[in-house]
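What you see below is based on every heavy atom in this structure, not just the backbone, and it leaves out hydrogens, waters and symmetry mates.
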Amino acid sequence: MKQTLPAEPEQQVSQARAADGKCCANRTQSIVDNRQSTIAQRQLIENMHSSPKAIAQRRMAQLFENNARRSEQRFVPPLFEPSVSASTYRSGALLQKAGVKGEKAGQLKNVVRNNATTPIQRKIFFMDSATELLKPKDKGEGKKQADIFKLLWNNEFTQNELTYHKERFVLEAEFKKAIMDALSGENDSLLVKDETSENPSLLNMEAFVLSAIRNLGPNPANFKVKPPAPGSIGVRGLNSKFAFKYVPENKDEKKPGYVANIASYYAEGGVKKIAKKYFDEAISGSDDSKANKLAVTIGLNSFSPIIQEDYNARRNAVENAVDGLEIPSYPINFRGFGFLWEPNWHFKEEKVDIQKLRNVLTYGSDAGNRKEKFKEVQKTLSENYPYGVFRETVMGSTHTQDLVDRLKPYNNPVYIHSGDGDAVGLKVTNDRDTGVSDKGVLDKFTEHLENKGTGAQIVIGGYNLYNLNQTLLLTEIVKADNRFDNYLNGEKINKQKPSAKLEDYKEEHQVFLKQKIAQIEHNSQVGNRYDRIIRDAISDVYPKMLYPTEPNMLIKAYDTKDGTDFFSISLFENKKLKNQGGLWGVGASEGRIFKENLEKEYEETGGDGKGFVDWAQGASLPTDPRGFSRHLLVSGYEKFPGQKADWPPFAEYEKSKENTDIPLLDATVQQAQSYTSAYRLSELYAQASVPSGLSKESYRKKLGEIKEKARIAFNTVETVVKKMMDGSANLQFLQEEANRSTGSEKHDEIAKRIRQELLAKFKFYNDIK
């Protein structure tokens, strides 16, 4: 066995040092020997005394003196290697305790002494015979090992350690495996008294167990971030920012007032200036009159990171972002606040207290780079963001309620405007729907409410694609198109972060990029225009079918005419939301869930939605498609998936088409969230038409039946849209389709009304009288 430092010389050094200290204790002066050999000797002594192994050896001496209760309270056990002097003394005490005398005692002392400065082999060592048991050679030795393991496992200390570590997310199997590995591995010894007894006693069991489990901790493989469920997402409020304005009582005819609600990721581009943008763009009038009609609540959020250092940094970043929110220089009513939401962490099938897990990862061993592995698991939460929780945290907050109350004296009704922090602009489309106008969205909503009345609880504005970011389109094209390899200067293109400057690309590529950008803008805007034409038609017949677009819609909060008091409905109690997800849900379908929850609240579960949901024609806002990944743009780079299971439900699977380009016309019609496809229309119609109160199985069955039946009617809509897009539709064809009948049911009525609206808009855009 190797020895890094001989035992005897170290003892002699220790004794010499002690003697030197004793004899010189009373001296007031000392002569320092600075000979080279003496300096080297002092340095060697100091190195030995302060080396990690010597420190670890002294810790072992402490462990032999500590009791089990104190040992089990340690969260991170130290390394266990006894120092020479302590191990020599303690081994004698253990031998005496074990009743080992004479020659065997001498053998054991030599074993301990000779191994003191190197890691002791982790084995079962029988004190009375000074023998060790490594891998059992026969049944007898196997039984010995099994008996000792059983004794070790059943000991109260071991069981206490199990409980202690299970509370720190360690499985029982992992705990047992660590001890079994310790019995057959290579480090510490388990000292056993009386090898012949059926009930041997374990002399250093506490130290052995702590050493065996010193690297135990949460195993990332046992953890998952599960999809959000109502009540599963913890929310922690952070700092707030306030601005106040006195709003006088309006004794004249009161008009609608608005409290803008923005729930945004703290680092979202544009959110810093969104409050100021509302006052600058969304509403007209003098500074004072605007501030009497509009207030803004912004909630900036981020997920709560699992690693403490990341959590601290993220919390500071969110709070700094709240502090940095910009507001107008004149008095307004404003609330900005931050909050962190907790991912739905599960240990096996049990929900995890995230703070408890964070503490374990902070103070426990980071064996196997555990923290980095947890960060990898954490990344999966992006697939399950609880968007509904973000919105209801802002809408249900005391901040929003307070601002509604502050606007009541001057305005009736008061609406909450649900918006987005990344809004490209707050101006609506022009009268011909060919671009953005100078009219603010809240002015447009006011105009609509004055013309159509204020009876609806939800008023939908929608979005458009008239203000696309050409720089973003440029970089997205370069990422998606493999013809781009080098810049104009020959430098290799980084496909992850291509240049945003058109002049950096080769001249022939610059021409192509300009044409491609124009094509994407045109196709995307045309597809979106048809989508909004169809929604215009649906709002006349069956508004219940419309999807409430979260980035731009109104929710009535207060109205004396019909007695609306949004924060007093049954979903709230004492001005607090009763159940998480009770308002907006928790997942990505928050607009649809929100509408369904309010339908139940206002007893609008039947009927067609008229008087409850309204669509404000021409009130759409330009939105940020964030590149190709959101599938709002028609890029021309869309492809069919590589395997059947991933094919979109509207596409007929053909093996030969896997990984091939989706035809441009199909991609335009099937644009995400578009109403231009028969599949999407059938789905939305079925969702709005399924009776309430059905079981999950009955709901799915009924949904499928309604979709299949309605598809026949809505196929006519998709056919007309495609012909209008490819230029083959003429006035005669559209007139024939507008008067065509596919039946007398509700979906037939809706399809016919859509075709009539398409004919009307065809005449409008082509100036046909």
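- Annotation: ring pair (Phe, Tyr, Trp, His ring centres under 6.0 Å) contacts involving residues 727-768, sequence neighbours excluded, comprise Tyr685-His747.
- Partners of Lys610 under the salt bridge (charged side-chain N to carboxylate O under 4.0 Å, His left out) rule, at least two apart in sequence or in another chain, do not exist in this structure.
- Residues forming a salt bridge (charged side-chain N to carboxylate O under 4.0 Å, His left out) with Lys696 (at least two apart in sequence, or on another chain): none.
- The side-chain heavy atoms of Leu468 and Pro625, taken from C-beta on, include a pair separated by under 4.5 Å.
- Residues Val541 and Asp608 fail the side-chain proximity criterion, which asks for heavy atoms closer than 4.5 Å.
- The ring-ring contact (aromatic ring centres under 6.0 Å, His included) search around Tyr278 returns His417, not counting sequence neighbours.
- With salt bridges taken as basic N to acidic carboxylate O contacts below 4.0 Å, none links Lys351 and Glu342.
- In this structure, Tyr463 and Val424 have side chains that are not in contact, with every pair of non-hydrogen atoms separated by 4.5 Å or more.
- Residues Thr434 and Asn430 bring a donor and an acceptor atom of their side chains to less than 3.5 Å of each other.
- Contact of the Asn301 side chain with the Thr393 side chain is not registered, since no non-hydrogen atoms from C-beta on lie closer than 4.5 Å.
- Judged by distance alone, the side chains of Gln671 and Thr668 never bring a donor and an acceptor atom under 3.5 Å apart.
- Rounded to the nearest 0.5 angstrom, Leu633 CG and Arg626 CZ are separated by 12.5 Å.
- Side-chain contact check for Ser620 and Asn464: at least one donor-acceptor pair (N or O, by modelled atom type) lies under 3.5 Å.
- Under 3.5 Å, the side chains of Thr400 and Asn261 contain a donor-acceptor pair of N or O atoms.
- Annotation for Lys702: atom NZ does not count as buried by contact number, only 12 or fewer foreign heavy atoms lying within 6.0 Å.
- Annotation: side-chain contact (heavy atoms from CB on, under 4.5 Å) contacts of Lys752 (sequence neighbours excluded): Arg755, Gln756.
- Partners of Gln687 according to the side-chain contact (heavy atoms from CB on, under 4.5 Å) rule, which considers only residues two or more places apart in sequence or in another chain, are Arg592, Glu683, Leu684, Tyr699, Leu703.
- Judged by distance alone, the side chain of Glu737 and the main-chain N or O of Thr716 form no donor-acceptor pair under 3.5 Å.
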Pair Lys761-Glu757, salt bridge (Lys or Arg N to Asp or Glu O under 4.0 Å): steps then yes or no = CA-CA 6 Å; Lys761 285 300 192 292; Glu757 187 69 19; 2.6 Å; yes
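- Residue pairs meeting the salt bridge (Lys or Arg N to Asp or Glu O under 4.0 Å) criterion with at least one partner in residues 390-399, sequence neighbours excluded, are Arg391-Asp420, Arg391-Glu590.
- Within a 6.0 Å radius of NZ in Lys226, other residues, nucleotides and ligands contribute more than 12 heavy atoms.
- Screening residues 562-574 for salt bridge (Lys or Arg N to Asp or Glu O under 4.0 Å) gives Lys556-Asp562 as the qualifying pairs, with residues at least two apart or on separate chains.
- Screening residues 570-593 for ring pair (Phe, Tyr, Trp, His ring centres under 6.0 Å), with sequence neighbours left out, gives Phe566-Phe572, Phe567-Phe572, Trp584-Phe594.
- To the nearest 0.5 Å, the span separating CD on Gln617 from CD1 on Ile460 amounts to 12.5 Å.
- Separation of atoms OH (Tyr602) and CD (Gln457) is listed at 4.0 Å; rounding is to 0.5 Å.
- In terms of the ring-ring contact (aromatic ring centres under 6.0 Å, His included) criterion, residue partners of Phe339 (sequence neighbours excluded) are, by chain and number, Phe337.
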N/O donor to acceptor pairs below 3.5 angstrom from side-chain atoms of residues 704-714, sequence neighbours left out:
{"unit_1": "Lys709", "atom_1": "NZ", "unit_2": "Glu745", "atom_2": "OE2", "d": "3.0"}

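- Nearest heavy atoms, Glu638 versus Gly636: OE1-N, 3.0 Å.
- Tyr258 and Thr446 share a donor-acceptor pair across their side chains, judged by distance under 3.5 Å alone.
- With sequence neighbours excluded, no residue forms a salt bridge (charged side-chain N to carboxylate O under 4.0 Å, His left out) with Glu601.
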